[in-house]
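Below: the structure, in structure tokens.
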Amino acid sequence: MKNRPYHHGDLPAALLTRAEQTLRDKGSGALSLRELAREIGVSPAAPSRHFKSKQALLDALAVTGFERLAETLAASQEGAGETFAARMDAAARAYVGFAVANAALLDLMFSAKHSPEASEALGATAHQWSEQLLELIGDGQRRGEVREGQLERVALPVFAALHGYAGLTVSGLLPPEVAEHGLDDLIASILRGCAPQ
């Protein structure tokens with residue numbers, strides 16, 4: 001058996017990239033630190049210097065997912081316009097786009113953050129994206145473009161609609177004639193639900 005070197009330029013990043021590919025292709029059950037080491041070409045012990053366990057790797061993968069989701073939502077607001085309707089439209093499309101493109105990762109992100117073993121880093125990062133949407137809705141309230149009420153209560157239907165629609169899209173449960181205009185209809189419904197009464 002050929003000895004594999006320990007050294008790798010950026011082993012944590014390489015492990016996370018490969019782990020995300022495995023997650024996408026085969027699911028979290030197929031993730032193994034030993035197998036990832038073999039695929040990357042480092043010794044079987046090398047990953048343990050960065051991730052003590054498979055759970056630690058999953059947590060780190062979820063953290064990177066939440067960071068990317070927050071970046072995606074922030075980027076959606078650049079040039080989106082000033083109105084709540086334009087900003088929510090951009091945010092909704094960004095969220096659903098991220099969810100559809102990263103279905104397995106999103107599933108891991110939301111299950112990992114509720115795990116009793118979840119790291120502090122995961123707990124802190126998991127709320128960035130939702131805080132962005134809360135801020136968007138709160139700003140709409142201050143501008144008089146969103147109905148009054150407790151922020152979390154106004155936001156809950158928005159979160160539920162976006163997450164639910166993304167889940168239906170990923171699972172393939174939307175008939176093509178619905179999927180074609182489904183996101184437009186969903187955004188219109190969200191905007192009606194947020195409108196001042």
Side-chain angles (χ1 to χ4, degrees), residues 20 23-24 59-115 118-197:
E20 186 173 348
L23 179 70
R24 178 177 279 126
D59 274 9
L61 200 52
V63 166
T64 62
F66 280 118
E67 288 170 347
R68 285 193 353 233
L69 176 56
E71 290 165 6
T72 298
L73 288 174
S76 78
Q77 297 303 293
E78 295 171 14
E82 293 294 316
T83 67
F84 172 74
R87 293 175 66 206
M88 178 53 72
D89 182 280
R93 291 179 192 285
Y95 178 83
V96 172
F98 179 91
V100 170
N102 301 281
L105 179 60
L106 194 75
D107 189 45
L108 169 70
M109 288 159 55
F110 283 104
S111 62
K113 82 173 192 170
H114 295 297
S115 166
S119 68
E120 283 184 34
L122 177 56
T125 311
H127 300 290
Q128 287 179 349
W129 74 276
S130 57
E131 287 167 4
Q132 289 169 293
L133 284 180
L134 286 171
E135 176 58 33
L136 173 59
I137 294 166
D139 185 55
Q141 284 181 319
R142 287 186 291 278
R143 294 167 57 111
E145 296 175 284
V146 173
R147 67 184 172 89
E148 293 179 7
Q150 183 184 2
L151 183 57
E152 288 76 13
R153 290 188 66 190
V154 174
L156 177 62
V158 175
F159 288 102
L162 289 174
H163 199 61
Y165 181 82
L168 289 170
T169 302
V170 166
S171 66
L173 292 175
L174 295 179
E177 65 276 9
V178 173
E180 183 180 353
H181 299 289
L183 187 53
D184 294 336
D185 295 340
L186 176 77
I187 293 168
S189 176
I190 287 171
L191 293 175
R192 281 193 303 273
C194 288
Q197 294 164 336

Subject >> Nearest-0.5 Å distance, CG of residue D89 to CZ of residue R87 >> reply: 12.5 Å
Original post:
Which heavy atom of A179 sits nearest a heavy atom of L174, and at what distance?
Top reply: CB-CB, 4.1 Å
Original post:
Would you call V170 and D107 a side-chain contact if the rule is heavy atoms closer than 4.5 Å?
Top reply: no
**OP:** Determine yes or no for a side-chain-to-main-chain donor-acceptor pair under 3.5 angstrom, with E145 supplying the side chain and G140 the backbone.
**Re:** no
Subject >> Any donor-acceptor N/O pair, R143 side chain to G138 backbone, under 3.5 Å >> reply: no
**OP:** First locate atom CG of L136, then atom CE of M88, and finally report the distance between them rounded to the nearest 0.5 Å.
**Re:** 4.5 Å
Subject >> L151 backbone acceptor or donor facing Q141 side chain under 3.5 Å >> reply: no
Subject >> Residue pair N102 / M109, side-chain heavy-atom distance below 4.5 Å >> reply: no
Original post:
Salt bridge or not for E148 and R153, using N-O below 4.0 Å?
Top reply: no
Original post:
Is there side-chain contact between Y95 and L106, with at least one heavy-atom pair below 4.5 Å?
Top reply: yes
Subject >> For the student: nearest non-hydrogen atoms of A99 and A166, plus distance >> reply: CB-CB, 3.5 Å
**OP:** With rounding to the nearest 0.5 Å, note down the distance linking CG in L108 to CG in L105.
**Re:** 6.0 Å
Original post:
Going through the checks in order, is the side chain to side chain contact (heavy atoms under 4.5 Å, CB included) test met by Q77 and Q132?
Top reply: CA-CA 10 Å; Q77 297 303 293; Q132 289 169 293; over 6 Å; no
Subject >> Pairwise side-chain contact, R93 with I187, heavy-atom cut-off 4.5 Å (strictly under) >> reply: yes
Original post:
Which atom pair, heavy atoms only, marks the closest approach of A86 to G81?
Top reply: CB-CA, 4.5 Å
Original post:
Given F98 and R68, is the side chain to side chain contact (heavy atoms under 4.5 Å, CB included) satisfied, shown in steps?
Top reply: CA-CA 9 Å; F98 179 91; R68 285 193 353 233; 4.0 Å; yes
Original post:
Going by heavy atoms in the side chains, are T72 and S76 under 4.5 Å from each other?
Top reply: no
Original post:
Just wondering, are more than 12 heavy atoms of other shown residues or ligands nearer than 6.0 Å to CD in E82?
Top reply: no
Original post:
Is the closest side-chain heavy-atom distance between E67 and V63 below 4.5 Å?
Top reply: yes
Original post:
Counting only N and O atoms by type, is there a donor-acceptor contact under 3.5 Å from the side chain of S189 to the main-chain atoms of D185?
Top reply: no
Subject >> ring-ring contact (aromatic ring centres under 6.0 Å, His included): pairs with one or both residues in residues 157-185, sequence neighbours excluded >> reply: F110-H163, W129-F159
Original post:
In Å, rounded to the nearest 0.5 Å, how long is the span from CG of L69 to OG1 of T125?
Top reply: 11.5 Å
Original post:
Going from CD1 on I137 to CD on E152, what distance comes out if it is rounded to the nearest 0.5 angstrom?
Top reply: 9.5 Å
Subject >> Over all atoms of both residues, closest heavy-atom pair of L23 and A104 >> reply: O-CB, 3.7 Å
**OP:** Could you please spell out the steps behind the side chain to side chain contact (heavy atoms under 4.5 Å, CB included) verdict for T169 and L183?
**Re:** CA-CA 10 Å; T169 302; L183 187 53; over 6 Å; no
Subject >> Side-chain heavy-atom pair V158, C194 within 4.5 angstrom cut-off >> reply: yes
Original post:
Where do A62 and L122 come nearest, in terms of heavy atoms and distance?
Top reply: CB-CD1, 3.7 Å
